[in-house]
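Below: one structure, written as structure tokens.
Values in this document were obtained by computation on a predicted structure and should not be read as measured data.
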Amino acid sequence: MSNGEYAMHIVAAHIRRMSPQDTCHQFCIGVTRAIQKAYTPIWKLHKADIIDRLKEHHEERLTASAVIFSRLRREIWFIGDCQCLIDGQFFDNPKPYEQTLAEMRATKVKELLADGKTQEELLTNDEARDAIIPRMLQEMKNQNVTYSVIDGFRIPEQLVPVISLDFSPHEIVLASDGYPFLCPTLDESEARLQHQRETDPLNIGDFKATKGFIPSNRSFDDRTYVRFTI
């Protein structure tokens, strides 16, 4: 299980245990503690040793993002790079460095293609992504410094967007960033994703990403889609 998948299970379990009355602040504190508790049995080290190592190696942290709707408070909370639609209006919370790295990778892919690499070769062995990994690891040191994530370290709540809703009826879509084009229905979102896979599987055109579509996968990233009305 990857670090991200393990973190997802911890976050999901925490959400199931939450009180409907919890605030965004209470969620940030509680989910941070939930991740912290998981580190000790994984590492089998003293807590101080674990924290010291994870302060230096952000890429080894259990890290996840979440977009949460509080029905009681009529609020949507963004911790990490998620997205949503409210009555068709789009909102997201991207990592501040993501687009820069995506542009760097796209430039490198085009250079490799010009040098004779084929699209199929780069989909199987993404040399352009390998080239941006050092910069990506460096940018990860800004987790919960310049952008918020769930990783067992204090979440700076000033970096957690909160959208307040009035008491009118609303249609809400909550989604992970695995959908490059978020649409009002799951079928539309999946169709746009499939179109992207067919027309630009390297993700270097109008939509750029830090990775492309692995041939055996239906998407280039994890995806979650939830739609409901209130």
Side-chain angles (χ1 to χ4, degrees), residues 1-19 22-68 70 75-83 92-105 108 126-162 176-178 208-211 220-224:
M1 187 181 298
S2 69
N3 284 10
E5 185 179 359
Y6 190 17
M8 176 272 292
H9 285 291
I10 296 169
V11 174
H14 176 76
I15 291 172
R16 286 193 292 269
R17 294 192 299 268
M18 284 173 61
S19 165
D22 279 1
T23 62
C24 182
H25 169 72
Q26 288 171 313
F27 171 76
C28 289
I29 296 296
V31 79
T32 296
R33 288 174 178 165
I35 296 289
Q36 285 176 348
K37 288 178 183 177
Y39 283 136
T40 302
I42 294 173
W43 288 77
K44 297 181 174 64
L45 296 170
H46 293 297
K47 184 176 181 180
D49 295 331
I50 297 168
I51 298 303
D52 284 345
R53 178 168 180 85
L54 294 178
K55 283 180 179 178
E56 296 298 321
H57 296 275
H58 294 62
E59 71 278 7
E60 295 180 0
R61 296 180 184 181
L62 301 176
T63 302
S65 299
V67 56
I68 295 176
S70 168
E75 293 177 342
I76 296 173
W77 312 330
F78 288 90
I79 304 92
D81 51 348
C82 298
Q83 52 185 339
D92 68 344
N93 187 42
K95 296 186 182 81
Y97 63 83
E98 192 83 5
Q99 194 55 42
T100 299
L101 288 178
E103 295 283 354
M104 289 173 59
R105 176 182 166 274
K108 183 65 176 177
D126 194 341
E127 296 177 37
R129 179 172 173 82
D130 293 341
I132 66 171
I133 290 294
R135 173 72 180 273
M136 188 178 296
L137 294 176
Q138 186 63 33
E139 294 291 351
M140 283 182 182
K141 295 184 183 298
N142 287 317
Q143 284 186 197
N144 285 329
V145 177
T146 61
Y147 65 96
S148 63
V149 293
I150 300 167
D151 67 356
F153 287 75
R154 188 187 72 84
I155 299 170
E157 294 177 40
Q158 72 274 16
L159 301 177
V160 177
V162 175
S176 68
D177 65 344
K208 297 178 178 66
T210 57
K211 51 191 166 184
F220 65 97
D221 206 349
D222 61 278
R223 62 201 195 280
T224 299

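Look at K211 and D126 and you find no salt bridge, because none of the NZ, NE, NH1 or NH2 atoms lies under 4.0 Å from a carboxylate O.
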Practice problem: Might you work through the side chain to side chain contact (heavy atoms under 4.5 Å, CB included) test for I76 and V67, ending with a clear yes or no? | Solution: CA-CA 7 Å; I76 296 173; V67 56; 3.7 Å; yes
Self-check item: side chain to side chain contact (heavy atoms under 4.5 Å, CB included) between H14 and M18, intermediate numbers included
Solution: CA-CA 6 Å; H14 176 76; M18 284 173 61; 3.8 Å; yes
Quiz item: Should L101 and R105 be marked as a side chain to side chain contact (heavy atoms under 4.5 Å, CB included) after you check the CA-CA gap, both sets of side-chain angles, and the distance that decides it?
Solution: CA-CA 6 Å; L101 288 178; R105 176 182 166 274; over 6 Å; no
Quiz item: Between F153 and K55, does a side chain to side chain contact (heavy atoms under 4.5 Å, CB included) hold up when you go through it step by step?
Solution: CA-CA 9 Å; F153 287 75; K55 283 180 179 178; 3.9 Å; yes
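Between K108 and I132, the closest side-chain pair of non-hydrogen atoms is not below 4.5 Å. Side-chain atoms of L62 and N3, non-hydrogen and from C-beta on, do get closer than 4.5 Å to each other. Looking at V31 and I79, their side chains never come closer than 4.5 Å, going by heavy atoms from C-beta outward. Between E59 and M136 there is no side-chain heavy-atom pair separated by less than 4.5 Å. Between H9 and M1 the shortest side-chain heavy-atom distance falls below 4.5 Å.
Taken from CD1 in I150 to CD1 in I35, the straight-line distance is 7.0 Å, to the nearest 0.5 Å. Rounding to the nearest 0.5 Å gives a distance of 8.0 Å between CG of N93 and OG of S65. Going from atom CD1 of I10 over to atom CD of Q36 covers 11.0 Å, rounded to the nearest 0.5 Å. For the atom pair CD1 of I15 and CD1 of I68, the computed distance is 4.0 Å after rounding to the nearest 0.5 Å. Rounded to the nearest 0.5 angstrom, I155 CD1 and H25 NE2 are separated by 11.0 Å. Between atom NE2 of residue H58 and atom CG of residue L137 there is a gap of 11.0 Å, rounded to the nearest 0.5 Å.
Listed for the Y97 side chain is no donor-acceptor partner under 3.5 Å among the backbone atoms of M140. With hydrogens and angles disregarded, a donor-acceptor distance shorter than 3.5 Å links the side chain of Q26 to the backbone of T23. The backbone N or O of V149 lies less than 3.5 Å from a partner atom in the side chain of N144, making a donor-acceptor pair. With hydrogens and angles ignored, the 3.5 Å screen pairs no side-chain donor or acceptor of Q143 with any backbone N or O of S148. Counting only distance, with no hydrogens or angles, the side chain of S176 and the backbone of T224 share a donor-acceptor pair below 3.5 Å.
W77 and F27 have tilted rings, their planes meeting at an angle from 30° to 60° on a 0 to 90° scale.
By the neighbour-count criterion of 12 heavy atoms within 6.0 Å, atom CD of Q158 is densely surrounded, having more than that number from other residues, nucleotides or ligands.
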